[in-house]
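Okay, so here's the structure we're looking at.
Both ligands and their constituent atoms are indexed starting at 1 by order of listing. Computed from a predicted model, the values in this text were never measured in an experiment.
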Amino acid sequence: MSGFTIRAATAADAQTIAALNFACWRETYESLLPADVFAALTLEERLDHWRGVFQTGGGCVALTEDADGAAAGFTHWRAHELVLGGRLGRGGEICAIYLRRVAQGRGLGRNLMWLMAQEMRESGLHWASLTVLRDNGAARSFYEAMGARRFGRELSWRGVPQVAYGWRDVGGLARAATV
Ligand SMILES: CC(C)(COP(=O)(O)OP(=O)(O)OC[C@H]1O[C@@H](n2cnc3c(N)ncnc32)[C@H](O)[C@@H]1OP(=O)(O)O)[C@@H](O)C(=O)NCCC(=O)NCCS
(Lines give C-alpha, C1' and ligand atoms only; values in the text may rest on other atoms or scores of the structure.)
Protein backbone atom coordinates (compact mmCIF):
# COMPACT_ATOMS: atom_id res chain seq x y z
CA MET A 1 0.00 0.00 0.00
CA SER A 2 2.93 2.25 -0.67
CA GLY A 3 1.98 5.93 -0.81
CA PHE A 4 -1.40 5.41 0.88
CA THR A 5 -2.26 6.30 4.47
CA ILE A 6 -5.20 5.28 6.64
CA ARG A 7 -6.69 7.52 9.35
CA ALA A 8 -9.82 7.69 11.48
CA ALA A 9 -12.50 9.83 9.83
CA THR A 10 -14.47 12.54 11.65
CA ALA A 11 -17.65 14.52 11.03
CA ALA A 12 -15.53 17.00 9.04
CA ASP A 13 -15.02 14.20 6.47
CA ALA A 14 -18.74 13.49 5.92
CA GLN A 15 -18.91 15.28 2.57
CA THR A 16 -15.66 13.71 1.31
CA ILE A 17 -16.80 10.22 2.29
CA ALA A 18 -20.25 10.73 0.75
CA ALA A 19 -18.64 11.72 -2.59
CA LEU A 20 -16.18 8.82 -2.34
CA ASN A 21 -18.96 6.38 -1.45
CA PHE A 22 -21.04 7.56 -4.42
CA ALA A 23 -18.06 7.27 -6.81
CA CYS A 24 -17.21 3.75 -5.52
CA TRP A 25 -20.83 2.65 -5.84
CA ARG A 26 -20.92 3.85 -9.44
CA GLU A 27 -17.69 1.98 -10.25
CA THR A 28 -18.72 -1.19 -8.45
CA TYR A 29 -22.41 -1.54 -9.15
CA GLU A 30 -22.97 -0.50 -12.77
CA SER A 31 -22.53 -4.10 -13.87
CA LEU A 32 -24.16 -5.66 -10.78
CA LEU A 33 -27.43 -3.75 -10.23
CA PRO A 34 -30.53 -3.58 -12.42
CA ALA A 35 -30.48 -0.28 -14.37
CA ASP A 36 -33.34 1.29 -12.38
CA VAL A 37 -31.72 0.50 -9.02
CA PHE A 38 -28.37 1.82 -10.27
CA ALA A 39 -30.00 5.02 -11.60
CA ALA A 40 -31.63 5.62 -8.21
CA LEU A 41 -28.27 5.87 -6.38
CA THR A 42 -27.70 9.54 -5.53
CA LEU A 43 -25.02 11.66 -3.92
CA GLU A 44 -27.71 13.44 -1.85
CA GLU A 45 -28.81 10.16 -0.26
CA ARG A 46 -25.18 9.33 0.59
CA LEU A 47 -24.72 12.79 2.13
CA ASP A 48 -27.79 12.28 4.34
CA HIS A 49 -26.50 8.84 5.30
CA TRP A 50 -23.02 9.99 6.31
CA ARG A 51 -24.20 13.08 8.16
CA GLY A 52 -26.48 10.71 10.10
CA VAL A 53 -23.64 8.28 10.86
CA PHE A 54 -21.44 11.03 12.30
CA GLN A 55 -24.27 12.81 14.14
CA THR A 56 -25.36 9.65 15.92
CA GLY A 57 -21.84 8.30 16.56
CA GLY A 58 -22.87 5.25 14.54
CA GLY A 59 -19.61 3.34 14.47
CA CYS A 60 -15.96 3.60 13.39
CA VAL A 61 -15.10 5.10 10.02
CA ALA A 62 -11.62 5.03 8.46
CA LEU A 63 -10.47 6.94 5.40
CA THR A 64 -7.64 5.99 3.04
CA GLU A 65 -5.84 8.76 1.19
CA ASP A 66 -3.23 8.63 -1.55
CA ALA A 67 0.13 10.44 -1.47
CA ASP A 68 -1.58 13.65 -2.69
CA GLY A 69 -4.19 13.48 0.07
CA ALA A 70 -6.99 12.43 -2.32
CA ALA A 71 -9.63 10.12 -0.79
CA ALA A 72 -9.16 6.59 -2.17
CA GLY A 73 -11.23 4.35 0.08
CA PHE A 74 -13.10 3.96 3.35
CA THR A 75 -14.46 1.47 5.85
CA HIS A 76 -17.30 1.64 8.36
CA TRP A 77 -18.11 -0.84 11.10
CA ARG A 78 -20.33 -0.74 14.18
CA ALA A 79 -21.24 -2.97 17.09
CA HIS A 80 -24.52 -4.82 16.63
CA GLU A 81 -26.56 -7.63 18.11
CA LEU A 82 -27.49 -10.79 16.26
CA VAL A 83 -29.11 -14.09 17.15
CA LEU A 84 -26.61 -16.81 16.28
CA GLY A 85 -27.34 -20.47 17.04
CA GLY A 86 -30.40 -19.37 19.04
CA ARG A 87 -28.35 -17.08 21.31
CA LEU A 88 -28.21 -13.29 21.24
CA GLY A 89 -24.66 -12.04 20.87
CA ARG A 90 -22.81 -8.80 20.23
CA GLY A 91 -20.33 -8.51 17.39
CA GLY A 92 -18.92 -6.14 14.82
CA GLU A 93 -20.87 -5.46 11.64
CA ILE A 94 -18.75 -4.38 8.69
CA CYS A 95 -21.15 -1.93 7.08
CA ALA A 96 -18.90 -0.87 4.20
CA ILE A 97 -15.46 -1.33 2.65
CA TYR A 98 -14.86 0.43 -0.65
CA LEU A 99 -11.79 1.47 -2.63
CA ARG A 100 -11.65 3.48 -5.83
CA ARG A 101 -10.77 1.17 -8.70
CA VAL A 102 -7.32 2.73 -9.04
CA ALA A 103 -6.52 1.81 -5.41
CA GLN A 104 -7.67 -1.83 -5.60
CA GLY A 105 -5.40 -4.89 -5.67
CA ARG A 106 -2.54 -3.24 -3.73
CA GLY A 107 -3.19 -4.76 -0.31
CA LEU A 108 -5.20 -1.81 1.02
CA GLY A 109 -8.32 -3.90 1.58
CA ARG A 110 -6.28 -6.36 3.63
CA ASN A 111 -4.86 -3.52 5.76
CA LEU A 112 -8.32 -2.05 6.33
CA MET A 113 -9.70 -5.44 7.43
CA TRP A 114 -6.81 -5.86 9.85
CA LEU A 115 -7.49 -2.42 11.32
CA MET A 116 -11.21 -3.18 11.80
CA ALA A 117 -10.38 -6.51 13.44
CA GLN A 118 -8.05 -4.73 15.91
CA GLU A 119 -10.69 -2.11 16.71
CA MET A 120 -13.32 -4.80 17.28
CA ARG A 121 -10.99 -6.73 19.58
CA GLU A 122 -10.24 -3.56 21.54
CA SER A 123 -14.02 -3.04 21.86
CA GLY A 124 -14.35 -6.52 23.38
CA LEU A 125 -16.16 -8.01 20.37
CA HIS A 126 -15.45 -11.59 19.37
CA TRP A 127 -17.15 -12.11 16.04
CA ALA A 128 -17.77 -10.09 12.88
CA SER A 129 -20.23 -10.20 10.00
CA LEU A 130 -21.17 -8.42 6.81
CA THR A 131 -23.48 -8.68 3.83
CA VAL A 132 -22.46 -8.55 0.17
CA LEU A 133 -24.35 -8.72 -3.10
CA ARG A 134 -24.65 -12.38 -4.08
CA ASP A 135 -23.21 -11.63 -7.52
CA ASN A 136 -20.27 -9.50 -6.33
CA GLY A 137 -17.83 -12.35 -6.92
CA ALA A 138 -14.68 -10.24 -6.54
CA ALA A 139 -15.68 -8.98 -3.08
CA ARG A 140 -16.81 -12.46 -2.02
CA SER A 141 -13.42 -13.88 -3.04
CA PHE A 142 -11.72 -11.13 -1.03
CA TYR A 143 -13.80 -11.92 2.10
CA GLU A 144 -13.15 -15.64 1.68
CA ALA A 145 -9.41 -14.90 1.38
CA MET A 146 -9.81 -13.04 4.70
CA GLY A 147 -11.21 -16.21 6.29
CA ALA A 148 -14.93 -15.35 6.20
CA ARG A 149 -17.53 -18.12 5.99
CA ARG A 150 -20.97 -17.77 4.46
CA PHE A 151 -23.90 -18.15 6.85
CA GLY A 152 -27.67 -17.75 6.95
CA ARG A 153 -30.19 -17.53 4.19
CA GLU A 154 -30.17 -15.28 1.17
CA LEU A 155 -31.14 -11.66 1.93
CA SER A 156 -31.92 -8.67 -0.26
CA TRP A 157 -30.63 -5.08 -0.67
CA ARG A 158 -32.89 -2.75 -2.66
CA GLY A 159 -34.47 -5.88 -4.13
CA VAL A 160 -31.12 -7.40 -5.20
CA PRO A 161 -29.97 -10.75 -3.72
CA GLN A 162 -27.42 -10.52 -0.90
CA VAL A 163 -25.56 -13.08 1.20
CA ALA A 164 -24.04 -12.89 4.69
CA TYR A 165 -20.48 -13.75 5.71
CA GLY A 166 -18.96 -13.93 9.15
CA TRP A 167 -15.97 -14.71 11.35
CA ARG A 168 -16.56 -16.58 14.61
CA ASP A 169 -13.38 -15.01 15.95
CA VAL A 170 -12.09 -11.59 14.91
CA GLY A 171 -8.63 -12.88 15.89
CA GLY A 172 -8.92 -15.19 12.86
CA LEU A 173 -9.76 -12.19 10.68
CA ALA A 174 -6.74 -10.31 12.05
CA ARG A 175 -4.49 -13.29 11.31
CA ALA A 176 -5.87 -13.76 7.77
CA ALA A 177 -5.45 -10.03 7.09
CA THR A 178 -1.88 -9.89 8.38
CA VAL A 179 0.53 -9.26 5.50
C1 LIG B 1 -13.14 -5.74 -2.23
C2 LIG B 1 -11.99 -4.75 -1.92
C3 LIG B 1 -12.29 -3.98 -0.64
C4 LIG B 1 -10.69 -5.58 -1.71
O5 LIG B 1 -9.63 -4.70 -1.44
P6 LIG B 1 -8.26 -4.80 -2.28
O7 LIG B 1 -7.32 -3.80 -1.76
O8 LIG B 1 -8.60 -4.72 -3.74
O9 LIG B 1 -7.77 -6.28 -1.96
P10 LIG B 1 -6.29 -6.71 -1.49
O11 LIG B 1 -5.33 -6.23 -2.53
O12 LIG B 1 -6.05 -6.28 -0.09
O13 LIG B 1 -6.42 -8.29 -1.59
C14 LIG B 1 -6.26 -9.16 -0.47
C15 LIG B 1 -6.51 -10.58 -0.92
O16 LIG B 1 -7.90 -10.75 -1.27
C17 LIG B 1 -8.00 -11.60 -2.42
N18 LIG B 1 -8.63 -10.82 -3.51
C19 LIG B 1 -8.73 -9.48 -3.59
N20 LIG B 1 -9.42 -9.13 -4.70
C21 LIG B 1 -9.73 -10.29 -5.32
C22 LIG B 1 -10.43 -10.60 -6.52
N23 LIG B 1 -10.93 -9.63 -7.31
N24 LIG B 1 -10.59 -11.89 -6.86
C25 LIG B 1 -10.08 -12.88 -6.09
N26 LIG B 1 -9.41 -12.64 -4.92
C27 LIG B 1 -9.23 -11.37 -4.56
C28 LIG B 1 -6.60 -12.06 -2.77
O29 LIG B 1 -6.38 -13.30 -2.07
C30 LIG B 1 -5.74 -10.98 -2.14
O31 LIG B 1 -4.50 -11.46 -1.70
P32 LIG B 1 -3.22 -11.49 -2.70
O33 LIG B 1 -3.14 -10.12 -3.31
O34 LIG B 1 -2.10 -11.80 -1.78
O35 LIG B 1 -3.53 -12.55 -3.68
C36 LIG B 1 -11.76 -3.77 -3.10
O37 LIG B 1 -11.30 -4.46 -4.24
C38 LIG B 1 -12.97 -2.95 -3.46
O39 LIG B 1 -13.19 -1.89 -2.90
N40 LIG B 1 -13.79 -3.44 -4.43
C41 LIG B 1 -14.93 -2.70 -4.94
C42 LIG B 1 -15.97 -2.37 -3.89
C43 LIG B 1 -16.61 -3.59 -3.27
O44 LIG B 1 -17.06 -4.52 -3.96
N45 LIG B 1 -16.68 -3.55 -1.94
C46 LIG B 1 -17.31 -4.58 -1.16
C47 LIG B 1 -18.76 -4.28 -1.04
S48 LIG B 1 -19.60 -5.48 -0.01
Side-chain angles (χ1 to χ4, degrees), residues 1-9 13 16-34 37-38 40-41 43 45-46 49-50 53 58-67 70-78 80 82 91-120 127-167 170 172-179:
M1 57 170 268
S2 133
F4 290 89
T5 52
I6 299 173
R7 67 173 174 85
D13 299 306
T16 299
I17 292 176
L20 175 62
N21 188 167
F22 184 61
C24 290
W25 273 12
R26 290 189 68 80
E27 285 181 344
T28 305
Y29 293 130
E30 186 164 18
S31 59
L32 291 174
L33 294 178
V37 179
F38 182 74
L41 304 176
L43 177 57
E45 187 269 334
R46 286 295 83 196
H49 171 79
W50 286 106
V53 167
C60 293
V61 186
L63 182 61
T64 294
E65 294 164 321
D66 69 16
F74 69 96
T75 54
H76 175 205
W77 74 267
R78 63 182 174 189
H80 79 147
L82 193 73
E93 178 189 20
I94 297 175
C95 309
I97 173 165
Y98 287 93
L99 295 168
R100 292 301 304 263
R101 196 165 282 157
V102 68
Q104 293 172 18
R106 299 160 176 258
L108 270 170
R110 184 188 286 280
N111 278 273
L112 288 163
M113 294 298 271
W114 183 87
L115 181 68
M116 287 191 281
Q118 296 305 324
E119 290 173 342
M120 287 177 201
W127 52 265
S129 67
L130 58 82
T131 53
V132 54
L133 289 191
R134 185 193 62 199
D135 297 339
N136 189 349
R140 288 180 63 174
S141 296
F142 167 73
Y143 297 135
E144 286 165 14
M146 297 297 110
R149 295 284 172 266
R150 213 193 129 171
F151 74 94
R153 58 188 170 80
E154 199 164 280
L155 308 163
S156 136
W157 180 74
R158 302 184 189 206
V160 184
Q162 252 196 340
V163 291
Y165 277 87
W167 295 260
V170 289
L173 168 57
R175 282 190 295 282
T178 298
V179 185

[X] contact mode with ligand 1 (heavy-atom cut-off under 4.0 Å):
X: Thr28; value: side chain
X: Arg106; value: backbone
X: Tyr143; value: side chain
X: Leu133; value: neither

ask   = Taking distance alone, with no angle check, do Gly107 and ligand 1 share an N/O pair under 3.5 Å?
value =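 Yes, there is a polar N/O contact under 3.5 Å.
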query = Is the closest N or O pair between Gly109 and ligand 1 shorter than 3.5 Å?
reply =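 It does: an N or O of Gly109 is found under 3.5 Å from an N or O of ligand 1.
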request  = Before giving the answer on salt bridge (charged side-chain N to carboxylate O under 4.0 Å, His left out), spell out for Asp13 and Arg7 the whole-Å C-alpha distance, their side-chain angles and the decisive distance to 0.1 Å.
outcome  = CA-CA 11 Å; Asp13 299 306; Arg7 67 173 174 85; 2.9 Å; yes
For [atom], find the nearest protein heavy atom and state the residue, atom name and distance (0.1 Å precision).
atom: atom 12 (O) of ligand 1; result: Arg110 N, 2.9 Å
atom: atom 44 (O) of ligand 1; result: Asn136 ND2, 2.9 Å
atom: atom 20 (N) of ligand 1; result: Phe142 CB, 4.3 Å
atom: atom 3 (C) of ligand 1; result: Ile97 CG1, 3.7 Å
atom: atom 29 (O) of ligand 1; result: Ala145 CB, 3.4 Å

Show the atoms of ligand 1 that are less than 4.0 angstrom away from any heavy atom in [X].
X: Ala139; answer: 44 (O), 46 (C)
X: Gly105; answer: 6 (P), 7 (O), 8 (O), 11 (O)
X: Ala138; answer: 22 (C), 23 (N)

task = Looking only at non-hydrogen atoms, find the nearest pair between Ala176 and Arg110 and report the distance.
result =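 For Ala176 versus Arg110, the nearest heavy atoms are O-NH1, 3.1 Å.
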key: Minimum-distance pair of heavy atoms, taken over all atoms of Ala128 and Met120   =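 Minimum heavy-atom contact is CB-SD, 3.7 Å.
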Candidate pair Arg101 and Glu30, rule salt bridge (charged side-chain N to carboxylate O under 4.0 Å, His left out), full reasoning = CA-CA 13 Å; Arg101 196 165 282 157; Glu30 186 164 18; over 6 Å; no
query = Mind checking whether Phe74 and Trp50 have ring centres under 6.0 Å apart?
reply =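 They qualify: ring centres under 6.0 Å apart.
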